[in-house]
Amino acid sequence: MHTSSTTAQETLLEGLTERQREAVRHTDGPLLVLAGPGSGKTTVVTRRIAHLIASGVAPYRILALTFTNKAAAEMRDRIARLLPPDLPGVRGLTVATFHSFCARLLRRYAPLIGLAENYSIYDTGDQREAIKQALKIAGLDSKNWTPASVGSAISNAKNQLLDAKAFAAQANEFYTRSVAKVYTQYEKILRQHDAVDFDDLLLMMAKLIRDHEGVRTELQERFRYLMIDEYQDTNHAQFIIAHSLAAAHRNICVVGDPDQSIYGWRGADIRNIMEFEEHYSEASIVPLGQNFRSTGHIVKTADTLIRKNRQRKHKDLHTELEDGERPTVITCRDEHHEAQLIIEEFRKLREEKDIPWKEMAVLYRVNALSRVMEEAFRNAQIPYVIARGTAFYDRKEIKDALAYLRIITNPNDEVALKRIINTPTRGIGKTTLDRIEIYAIQNQLGLFDAMRQVDQISDLTARAVKAVQNFVSMIESWRAMEARAASSGEAMPTDDAPPHDEMLIPDRREDVADAEGEAFGGRTPFADLVERVVRDSGMEKLYRSAKVEEERERLDNLNELISAAAEFRPAGDAPGGEDPDREGDDRAGSILAAFLESVALVSDSDAIDPANGAVTLMTLHAAKGLEFDAVALAGLEEGLLPHSRSLENPSDIEEERRLCFVGITRARRHLLISHAQMRTQRGFMERTISSAFLDELPADAVNTLDLAGDPYGFSDFGATGGDVEDDRGGWGRTSGGFGSARKKNFPPRSDGGGGARKRDADDPFIDDVPAVEYGSWTPKSPSASTSRPSGGGGGVAGQFPVGCTVRHPKFGIGRVEGLTPRPAGTSARVNFRGLGVKTLILQYAKLERIE
DNA sequence: CTGGTCATTTTTTTT
DNA sequence: AAATGACCAG
């Protein structure tokens, strides 16, 4: 036993430098690891944890905190690989993000602080809604007070651990006093909704530890060894949480690099890492300056740049690798040219150096730059992925579905409720909602409770009452279903029988056939619930019958959500328990709650999947912690990098410089830095000024190349009209974007890039051309997309089948392209000559069928 | 009540 | 350019 762990310990030191070993071997007491880029930080951290375990520390006594789920997952994974697979108790190890750690503990200790266990987590969008409401109540004009600016003021306050009361107490200027008013209202709203925002997770956790000695000692008892990654990015609240946890045993190991602190705007306090030694005078400090990642010229470029920062502790950055290729700075004409040149370069690297696409990345300061890049990569037929992890969960249909799910667990989540109360439309319009709200206020009820008693509300049409009642009982039937699932062993796969239930909509399995497909066999009651929601809510029907392809794709996304639900397993390492061997399955809430929590806390960087063979496009922020053989750093222009918002404050400029430093140090061997002379911003093409950072790069380590006059930028889009070899791009002529013409003109995309097509404004053949002159719909091409068996259209619809020609008193002659039955009456999409498509309600529109 | 059109605005970065 | 908010025909 002892021998085996001794050898295990030795194995863990293999292949490390003396410095690295020092960090790995360290066990007790405070430790600061200053880890420069590419210095083997993750290796050191994971081995250190494995080493602790090998030295006899029980895994459940260790807590490692990161910033992103991806970092946590990777750490967990790498630690697991360092340990014998059968080691007992490994599952007790807690590796989590700050936010998810806090979220779970808050759930556990919710009653102590008067929080509902089933609380919702408000994302930025939800937060915005709540703040809007707060602004209204506080009586502030939303003209001068944008939800965003107030929101960030509130966020700053929360990061400083100032709650509304504390903030108000120290607010003496007009501005802060106003913010204080909104803040107070906002908090009230959150509490009424049983909701917390991201900052609350930290704030409330910090307060919980501070104010409740029992909790504090319990957690200190359990987590004897604390590890914090990316420590330079911690804010004050996180600082307090970490140090309260460590106060008793002082076994705190923090790892970070002040030069990579890029989250100051989010409240990260670089002093946390700079002053670590002042907080822990007995701390050991291990600087890791040797870079194992990048070749010499790249390291020198990065080092030279970062030395320009004044507020900085000097750190020696060096490499023993060969000098390698020099980074190249190129000047381009405009953003299109820039994208072209990057693509040329990547192609060359692939062909000549055999570098795979997945080892290449394009980095930029702002997401807005991704559009042009994306388009260029698509046209060039190079596989690419955009690191937008939230993108999936940002989709309207997904947000809607999640709002439905939220309302199941938390009836007081009114932001969710309002979002979906009439989506898809079910006849609960604004007037109805207003009346319900008034009733709710008069009777001191929550919105949902008010809806439960709609029949008590005067002035509502019978129709509206009925609609509301249906809505309420739909939600309640889901709730019943969820409760049943929760009580009957939820991890069990279901037998195929759908839970029998008071169904509002007959459960037609055939409808679902294609929703199942791949998820076959792995179905869980929870996935069934999600599916039910998608179906009962009417979303399925809505999108299935949509006429636009883009809309119909939303159904695929919803199916993806169902699959995600089927695969979802709550994180096992719920912290806080007393039982060492417990497998951590002690979450307070249901699977549903855990799912919603995990979904609320995903980040962009979580989505980066190294497995796929594609070039990665992402922001500099998202790139932190990653590395690639080849990196292109785009948009090195004043106003962009450094960003215009940072120009006033010298310390903000330093953060921009660090951002640039982070970008440079992502590259292993090839680095291309670009700027364009002209760039389209806010719809206008403007002249740019090259970034001051470019002048700070070492002249002897980089190549500079002015390609603005370069001829081979021809490849642009302007390739007007006639470019014969490009027969796939020709939007225009044949298609004209009407009728059956679908947007399939682009080469197939690897990833759901889908939309964002661009009109070629220069093409004389499209736009403003009356659709009728283009014969595409004269022949009876059974335009696959629009033909629908007009189901349930009812009376009038039969007279105007899809494809027939009609006359409208005002719009003239047109052709019916689609019919959509709605409660309000069937609507028809009619393409009128010279006017384009209009949507008309058949029963009102005075249509006349001709021919 | 719905959905289109028109007018107005834009904090970049993210848990 | 794109996304939200306000307004009116059907």
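Letters A, B, ... are given to chains in the order of the sequence lines, protein chains preceding strands, and every chain is numbered from 1. What's counted below: heavy atoms across the whole structure, side chains too, no hydrogens, waters or symmetry copies.
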CG/A:Leu647: more than 12 non-hydrogen atoms of other groups inside 6.0 Å: yes

Donor-acceptor pair between A:Glu338 and A:Ser674 side chains, under 3.5 angstrom: yes

Which nucleotide in B:dT2, B:dC1, B:dT13 has an atom nearest any side-chain atom of A:Asn422: B:dT2

Candidates B:dC1, B:dT13, C:dT4 - which lies nearest the side chain of A:His621: B:dT13

Over 12 foreign heavy atoms within 6.0 Å of CD, A:Glu686: yes

A:Lys132 vs C:dG5: side-chain N/O to OP1/OP2 distance below 4.0 Å: yes

Stepwise salt bridge (Lys or Arg N to Asp or Glu O under 4.0 Å) test for A:Arg395 and A:Asp400: CA-CA 8 Å; A:Arg395 298 197 167 110; A:Asp400 290 344; over 6 Å; no

Shortest side-chain distance from A:Thr432, nucleotide among B:dG3, C:dA2, B:dC1: B:dC1

Touch class at under 4.0 angstrom, heavy-atom based, for A:Phe67 against every strand present: sugar-phosphate

Nearest listed nucleotide, side chain of A:Arg128, among B:dT11, C:dT4, B:dT14: C:dT4

Of the listed nucleotides C:dT4, B:dT13, B:dT11, the one nearest the side chain of A:Trp265: B:dT13

Candidate nucleotides B:dC1, B:dT13, C:dA2, ranked by approach to the side chain of A:Thr431 - the nearest: B:dC1

Side chain of A:Arg266 - closest among C:dG5, B:dC1, B:dT14: B:dT14

For DNA chain B, the residues among residues 634-647 of chain A that have a non-hydrogen atom under 4.0 Å from it: A:His643, A:Arg645

A:Thr425 (side chain) donor-acceptor with A:Gly427 (main chain) under 3.5 angstrom: no

N or O in side chain of A:Thr680 less than 4.0 angstrom from C:dA1 OP1/OP2: no

Minimum-distance nucleotide (side-chain atoms of A:Thr425 versus B:dT14, B:dG3, B:dT11): B:dG3

Neighbour count above 12 (heavy atom, 6.0 Å) for A:Lys399 NZ: yes

A:Val366 side-chain proximity, nearest of C:dT4, B:dG3, B:dT12: B:dT12

